[in-house]
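Below, chain A is the first sequence line, B the second, and so on; all start at residue 1.
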Amino acid sequence: MGRHDVRRREALVWEMPQTGSMRVPAMLFGTEAALAAMEDGVFAQLRNVASLPGIAGQALAMPDAHTGYGFPIGCVAAFDARAGGVVSAGGVGFDIGCGVRTLVSDLDREDVEPVRESLADRLYDAVPAGLGAGGRLRLSDRDMDRMLAGGAAWAVREGFGQTGDLPRCEEGGTMPGADPAGVSAKARERQRDELGTLGSGNHYLEVQHVEKIFDSRTASAYGLRPGQVVVSIHCGSRGLGHQVATEHMAAMLAAAPGHGLTVADPELAFAPIESPAGVRYLGAMRAAINCALAGRQIITHLVREVFAALFPGCRLALLYDVSHNTCKVERHAVGKSVKTLHVHRKGATRALGPGHPDLPETFREVGQPVIVGGSMGTSSYVLSGTEASEALSFASACHGAGRAMSRKQAAKRFSAKGVVAALAGQGITIRTHTLRGVAEEAPGAYKDIEEVAQTTHALGLAAKTARLRPLACIKG
DNA sequence: ATGTTC
């Protein structure tokens, strides 16, 4: 029961046929070498996902997939409520609403290079980061409810950002259907002073420059040009999302026998979409997504303050904000019919193609910006959504390089000081709250982003638009 | 990912 029955369907497409308890086949994407390097756990977890009630089409692993909690990270799976479909907290992940946003400036690399160290210091001081780090905001219970219902739109109303930012966020900056009352007192307490903080692990705030443009028409629609300075923010819902995930995984596990469901792997806890446990999770999950959106919006404001101090009058406009840990209700073609599905994207990015009605007018002709964050010190990519991804992956693409080894292995293998020095030699400034974190996030602990992006592009999951190179990176 | 093992 593993990878031995994986069949090559096309150059970059691999299928695990429907066998045993699987209700649908599973598909994986990558080169032969990438599949050979993929952890055994991905195949086993994908088989579990493909066995869940009500799954539609196929279970999918993106080119950056690696083993996760229940579902692989880099997994897309869609469920049909009318066919007994389920929702799984492990199918969204602990960091609910985690995502990336990229801001585009009117500065050139040459403007930033002379003050790179000072800019890194100021950003490090302005944006709280690290495990358990608190920020300057303290939310009352009433404000907490408003934040959980309003997301980035709430943050803009509170003075953090510009109304023009909102159309540039997935869902317009507010995830609908949130149930703030479903977020426990404990989850709220963990978040009380964490709003607008970066967190730790692979989260980062990076000043980058546009190193290469692959498609000038799309890049132009996105406002990207060679040499331009951009800022990317990668973070999620902090302690609140973690608490929501923890509580609901336990609740789903407890409720499973009542639905006549067996859960093979406790990490794979799930509940029928329309069951009380499913409904409660979805409401709380959407509130956590709003927490993540509000957080990225507040950090955007802090970054703009730093840039305004160093570069008076400079522009820092939001290109796009997109999550890669979500479950969303979307319409997709399955076989000959179009169905309403709960699409889980765990370590996978929504990638709507040209013409999709959910896209703002600006992106209607070229498709959605798909922001793919590299690991610390390596390139990131701006891709664009394609029409092909609808048939391939429920309009989804990769989310990053994907880990090639565990944090523990990486901490053993790499020296933090060595990593910082090596990156300095490449003209990349690192500011960090934890040296161990730097070793865990060493570029060598990740897959090659170039190969992941190329596979994604060649398959048509999303198209290469621009490559971003880091200048300065703030780590938690 | 995470008040880094409720």
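With rounding to whole Å, A:L253 atom CG is found 18 Å from B:dC6 atom P. Per the geometry, OH belonging to A:Y69 stands 16 Å off P belonging to B:dT4, to the nearest Å. In this structure, A:N325 places its CG atom 11 Å from P of B:dT2, rounding to the nearest Å. A:K408 places its NZ atom 12 Å from the C1' atom of B:dT5, with the value rounded to the nearest Å. One interatomic measurement links the two molecules: CD1 of A:I96 to P of B:dT2, which rounds to 12 Å at whole-angstrom precision. Spacing between atom CZ of A:F94 and atom C1' of B:dT5 amounts to 13 Å, rounded to whole angstrom units. Rounded to an integer number of Å, the gap from A:I73 CD1 to B:dT2 C1' is 13 Å. Following rounding to the nearest Å, A:E247 (CD) and B:dC6 (P) show an atom-to-atom distance of 14 Å.
OP1 or OP2 of B:dT2 sits under 4.0 Å from a side-chain N or O of A:S200. Contact annotation: A:R238 side-chain N/O to B:dT2 OP1/OP2 distance is under 4.0 Å.
The side-chain heavy atoms of A:T197 and A:V127, taken from C-beta on, include no pair separated by under 4.5 Å. Proximity of A:S140 to A:D143: side-chain heavy atoms (C-beta onward) are separated by under 4.5 Å at one or more points. Residues A:I73 and A:T67 form no side-chain contact, since every pair of their non-hydrogen atoms from C-beta on lies 4.5 Å or further apart.
Of the two residues contacting DNA chain B, namely A:E440 and A:R403, the nearest-nucleotide position lying further toward the 5' end is that of A:R403.
Across all strands, A:G93 comes closer than 4.0 Å to no nucleic acid atom at all (heavy-atom distances). At a threshold of 4.0 angstrom between heavy atoms, the contacts of A:G239 are confined to the sugar-phosphate backbone, with no base atom among them. Contact annotation for A:K186: base contact, defined as any heavy-atom pair under 4.0 Å involving a base atom. Residue A:E189 is classed as having no contact, given no heavy-atom separation below 4.0 Å to the nucleic acid.
Note: A:T456 OG1 to A:Y381 OH = 10.0 Å, rounded to the nearest 0.5 Å. Within the model, atoms NE2 of A:H344 and CZ of A:F71 stand 5.0 Å from one another, a figure rounded to the nearest 0.5 Å.
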